[in-house]
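Written below as structure tokens is the structure these notes are about.
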Amino acid sequence: MTNKSSENFAFPDTLWRRKVRTRILNWYRRNARDLPWRNNLHPYRSWVSEIMLQQTQVATVIDYFNRFIKRFPDVVSLANAEQQEVLRYWEGLGYYRRARQLHLAAQVVRDQHDGEFPTDFESVLALPGVGRYTAGAILSISRNQRLPIVEANTNRLFARLLLHDEDVMSSSSQKRFWAFAEWILPRKHISDFNQALMEVGALVCTPQKPDCKGCPLKSICPTELQQCWERIPKPKKKTKYENLFEVAVVLRDPKSKFVLIRQCEAGERWEGLWDFPRFECSVKKPKQPTRHELSRISSKLNQLTDCSATQLNWLTQIKHGVTKSRIALNCFQADVPRRKRKLKENLKWVHPDDLNNIPLSVTGRKLAKSIS
DNA sequence: AAGACGGGGAA
DNA sequence: TTCCCAGTCTT
């Protein structure tokens with residue numbers, strides 16, 4: 001192997017590199033946050049934390065991580081759990097595919113790696129839900145293996161350090177950053193160094209108003225010199241949102257008080273999670289829906305559940321954003337004359353108290369709380 | 001190369 | 001409101 005990919009790019013000299021390494025490491029030793037996954041470094045814990053941290057901020061993850069590790073302290077306990085329980089522990093974190101793949105990967109480790117989390121890069125990378133970043137992060141952080149990482153924080157830090165003004169997510173930018181991450185990586189203290197890169201990105205080299213005065217790399221960072229952090233990294237074009245109007249119905253059996261819930265299927269959002277029957281439908285004045293609107297709701301409800309409702313009472317409106325949609329969800333309650341004998345696979349009647357043990361979409365949880 | 005996936009926190 | 005987040009996987 002004579003062609004290291006970093007040789008295809010022009011980076012500063014090795015003196016500059018040494019400064020970056022020592023300054024970043026020294027800064028980290030004084031400024032590292034005390035985060036739960038930094039105690040008791042172990043590949044399993046590191047893996048769980050890395051999956052949770054994908055596209056999710058540190059502050060959000062902390063409580064989820066602690067609860068999750070308490071319930072699933074090792075990879076085999078996770079593998080042996082029901083997927084529904086794993087999803088329940090994930091509820092509210094979003095990107096639920098992560099939880100399904102985490103669970104699946106735990107079973108792969110149990111069945112193909114003797115229940116021991118693998119420590120070679122190829123095996124880790126082969127696990128579902130693990131890409132180049134996550135595999136490198138797990139093994140570098142928990143085992144000090146010499147593997148580079150590139151993620152949101154380092155994208156920003158590298159772009160500024162290299163005065164890189166292209167879109168950081170383009171494939172050419174990513175190639176350059178991976179090469180740089182490899183080039184800048186020291187021989188020793190890999191775990192601290194990789195965490196330090198992210199920590200500087202998170203605490204100092206922030207998207208808005210970075211703290212260049214407190215930065216360990218000030219005076220060797222061209223972006224600090226030129227005071228051009230607003231231009232680098234290149235701002236992305238803003239996403240436009242689409243307004244959606246939906247209706248959810250709490251169907252209730254008045255005798256037993258049971259309510260009907262529906263499991264989201266593959267191809268839908270929230271696959272594997274449960275929700276109240278729900279569909280797209282706009283209602284102008286939800287408190288006084290027109291006859292026409294009511295009949296549309298009934299018809300769609302019947303289509304989804306084979307149940308017919310006697311009278312629809314408006315409960316509340318819940319607003320929430322999902323990816324690029326902004327949804328206004330009008331919630332109704334209705335009693336059913338009598339329960340159907342045969343239900344579709346993905347429907348079930350449950351007592352409201354039992355909803356506590358069932359993974360629901362966040363809006364489903366809000367609605368469940370409002371009726372209990 | 002682009003789009004989907006989710007929700008919370010901060011400005 | 002909009003932006004951003006310890007990315008991965010599928011078209």
Side-chain angles (χ1 to χ4, degrees), chain A residues 32-33 35-38 45-65 87 90-102 104-105 124-142 147-157 167-175 177-178 181 191 194-203 205-209 230 233 235-243 264 266-273 275 318-327 359-366:
Chain A
R33 290 170 289 183
L35 300 173
W37 46 90
R38 287 187 176 155
R45 293 165 54 84
S46 187
W47 172 49
V48 171
S49 73
E50 288 304 336
I51 301 295
M52 286 187 172
L53 285 161
Q54 288 171 5
Q55 302 294 286
T56 309
Q57 301 196 118
V58 166
T60 306
V61 167
I62 293 176
D63 289 343
Y64 281 92
F65 178 81
L87 285 172
W90 207 269
E91 187 188 297
L93 262 187
Y95 288 111
Y96 299 95
R97 190 196 320 272
R98 292 182 296 174
R100 297 194 306 269
Q101 290 181 317
L102 188 75
L104 181 60
V124 176
L125 187 62
L127 296 172
V130 176
R132 184 175 179 189
Y133 162 74
T134 302
I138 294 168
L139 293 177
S140 65
I141 292 172
S142 72
L147 296 164
I149 56 160
V150 173
E151 43 68 74
N153 291 299
T154 55
N155 280 339
R156 189 171 54 250
L157 181 66
D167 167 19
V168 295
M169 294 310 292
S170 74
S171 55
S172 60
S173 296
Q174 287 296 297
K175 262 183 201 156
F177 290 168
W178 277 104
S191 174
N194 277 347
Q195 294 183 83
L197 289 174
M198 297 190 280
E199 200 79 340
V200 170
L203 301 182
C205 196
T206 50
Q208 306 300 321
K209 295 200 286 186
E230 280 176 298
K236 15 185 143 161
K237 41 186 176 287
K238 56 183 166 206
T239 57
K240 40 183 175 294
Y241 295 93
E242 182 187 18
N243 289 314
C264 304
E268 293 181 273
R269 274 197 283 263
W270 305 304
E271 177 183 345
L273 277 73
D275 204 344
I318 299 173
K319 295 190 171 180
H320 79 297
V322 180
T323 311
K324 286 154 63 177
S325 308
R326 296 160 31 74
I327 303 175
L360 300 179
S361 74
V362 161
T363 49
R365 183 63 62 195
K366 285 181 185 164

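Computation of the quantities below employed the complete heavy-atom set of this structure, encompassing side-chain atoms and omitting hydrogens, waters and symmetry-equivalent molecules. Fair warning: this is a prediction, and the values are worked out from it, not measured in the lab. Every chain is numbered from 1, with letters handed out A, B, ... down the list of sequences.
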Checking [Y] against [X]: is there a side-chain donor and acceptor pair closer than 3.5 Å?
{"X": "A/S171", "Y": "A/Q174", "value": "no"}
{"X": "A/E50", "Y": "A/Y133", "value": "yes"}
{"X": "A/T56", "Y": "A/R98", "value": "yes"}
{"X": "A/S191", "Y": "A/Q195", "value": "yes"}

Tell me whether the side-chain N/O atoms of [X] come closer than 4.0 Å to OP1 or OP2 in [N].
{"X": "A/R156", "N": "C/dC4", "result": "no"}
{"X": "A/R326", "N": "C/dT2", "result": "no"}
{"X": "A/T134", "N": "C/dT8", "result": "yes"}

Worksheet entry | P gap between B/dA10 and C/dA6, integer Å | 13 Å
Over how many whole Å does the gap from [X] atom [atom1] to [N] atom [atom2] extend?
{"X": "A/L125", "N": "C/dG7", "atom1": "CG", "atom2": "P", "result": "16 Å"}
{"X": "A/I141", "N": "C/dA6", "atom1": "CD1", "atom2": "P", "result": "12 Å"}
{"X": "A/M198", "N": "C/dC5", "atom1": "CE", "atom2": "P", "result": "13 Å"}
{"X": "A/W47", "N": "C/dT8", "atom1": "CH2", "atom2": "P", "result": "14 Å"}
{"X": "A/Y241", "N": "C/dT1", "atom1": "OH", "atom2": "P", "result": "12 Å"}
{"X": "A/K236", "N": "C/dG7", "atom1": "NZ", "atom2": "C1'", "result": "11 Å"}
{"X": "A/F177", "N": "C/dA6", "atom1": "CZ", "atom2": "P", "result": "16 Å"}
{"X": "A/Q174", "N": "C/dG7", "atom1": "CD", "atom2": "P", "result": "11 Å"}

Touch class at under 4.0 angstrom, heavy-atom based, for [X] against every strand present:
{"X": "A/P235", "value": "nothing"}
{"X": "A/V130", "value": "sugar-phosphate"}
{"X": "A/W37", "value": "base"}

Worksheet item: What one-letter contact string describes nucleotides 1-11 of chain B from 5' to 3', where B marks a base within less than 4.0 Å of any protein heavy atom, S marks contact via sugar-phosphate atoms alone, and - marks no contact?
Response: S--SBBBBS--
Worksheet item: Can any side-chain N or O of A/N155 pair as donor or acceptor with the backbone N or O of A/F177 at less than 3.5 Å?
Response: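 Answer holds: no.
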Worksheet item: Under 4.0 Å between a Lys/Arg side-chain N and an Asp/Glu carboxylate O for A/K324 and A/E242?
Response: no
Fill in: Any residue meeting ring pair (Phe, Tyr, Trp, His ring centres under 6.0 Å) with A/Y95, in chain and number order, not counting sequence neighbours
none
